[in-house]
Amino acid sequence: MKITEENVVQQIKNRNEKAIAFIIQTYGGLAKYRAIDHPWVFDVKISTSQLAKETTTFNVDKTVTPISTLVYYDLTKTSEATYFKIVSASGKEWSFKAAFNSNTAGDQSYSRYAPIDMKNETYLLIPYNEHNEKIGPSIPIK
């Protein structure tokens, strides 16, 4: 019997040694770990009264420095590879450190950058393509 992805589980249960060989050859071993390259999305239903009841608020009398800047955007109306960089008024540029781009309906694209200081400087979000060519107007970050 030919082992396939559709029948491999049943063949392992039947103690077919060829099934284990199939797993090792196809997946590189019996256990394979894969990094998740996009944020997980959960649809959690909870009442606002229950949420308020279980929420505790703490006052922090310190300035909190962000550890990153995250920009979400919708690419469902484009087929072109689209990326963004942040440019400060002084000319400093931030390229994304991680990103997820999708033009599939329902997907939310994002880019993660090093932190920016909104109190002391102004910034623009600049769209560009895979050839590093600007492809749209600069967007002020407010």
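Along the sequence shown, residues are numbered consecutively beginning with 1.
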Of the non-hydrogen atoms in [X] and [Y], which two are nearest, and what is the gap between them?
{"X": "Asp107", "Y": "Ser102", "result": "OD2-OG, 2.6 Å"}
{"X": "Ala89", "Y": "Glu121", "result": "N-OE2, 3.7 Å"}
{"X": "Glu130", "Y": "Ala81", "result": "OE1-CB, 3.2 Å"}
{"X": "Pro137", "Y": "Pro127", "result": "O-CD, 3.4 Å"}
{"X": "Ser88", "Y": "Trp94", "result": "CB-CZ3, 3.7 Å"}
{"X": "Gly136", "Y": "Lys134", "result": "O-CE, 2.9 Å"}

With sequence neighbours left out, the residues meeting side-chain hydrogen bond (donor to acceptor under 3.5 Å, both in side chains) with Glu6 are Thr4
In Å, rounded to the nearest 0.5 Å, how long is the span from [atom1] of [X] to [atom2] of [Y]?
{"X": "Asn103", "Y": "Glu80", "atom1": "CG", "atom2": "CD", "result": "11.0 Å"}
{"X": "Ile46", "Y": "Lys53", "atom1": "CD1", "atom2": "NZ", "result": "10.5 Å"}
{"X": "Leu124", "Y": "Ile86", "atom1": "CG", "atom2": "CD1", "result": "10.0 Å"}
{"X": "Thr55", "Y": "Gln50", "atom1": "OG1", "atom2": "CD", "result": "9.5 Å"}
{"X": "Asp117", "Y": "Tyr123", "atom1": "CG", "atom2": "OH", "result": "5.0 Å"}

Residue pairs meeting ring-ring contact (aromatic ring centres under 6.0 Å, His included), one or both in residues 65-85, sequence neighbours left out, come to Tyr73-Phe84, Tyr83-Phe96, Tyr83-Tyr128
Side-chain heavy-atom pair [X], [Y] within 4.5 angstrom cut-off:
{"X": "Asn132", "Y": "Lys85", "result": "yes"}
{"X": "Phe22", "Y": "Glu5", "result": "yes"}
{"X": "Asn7", "Y": "Met1", "result": "yes"}
{"X": "Thr69", "Y": "Ile141", "result": "no"}

Treating Asn101 as the side-chain partner and Ser109 as the backbone partner, does any N or O pair qualify as donor plus acceptor under 3.5 Å?
no
- Query: Hey, does the side chain of Asp74 reach the backbone of Thr76 with a donor-acceptor pair shorter than 3.5 angstrom?
  - Reply: yes
Under 4.5 Å between side-chain heavy atoms, hopping through other hydrophobics if needed: is there a path connecting [X] to [Y]?
{"X": "Tyr113", "Y": "Ile139", "value": "yes"}
{"X": "Leu125", "Y": "Met118", "value": "yes"}
{"X": "Ile3", "Y": "Ile12", "value": "yes"}
{"X": "Ile126", "Y": "Val71", "value": "no"}

message: Does atom CD (Gln25) have a neighbourhood of more than 12 heavy atoms from anything else shown, all under 6.0 Å?
response: no
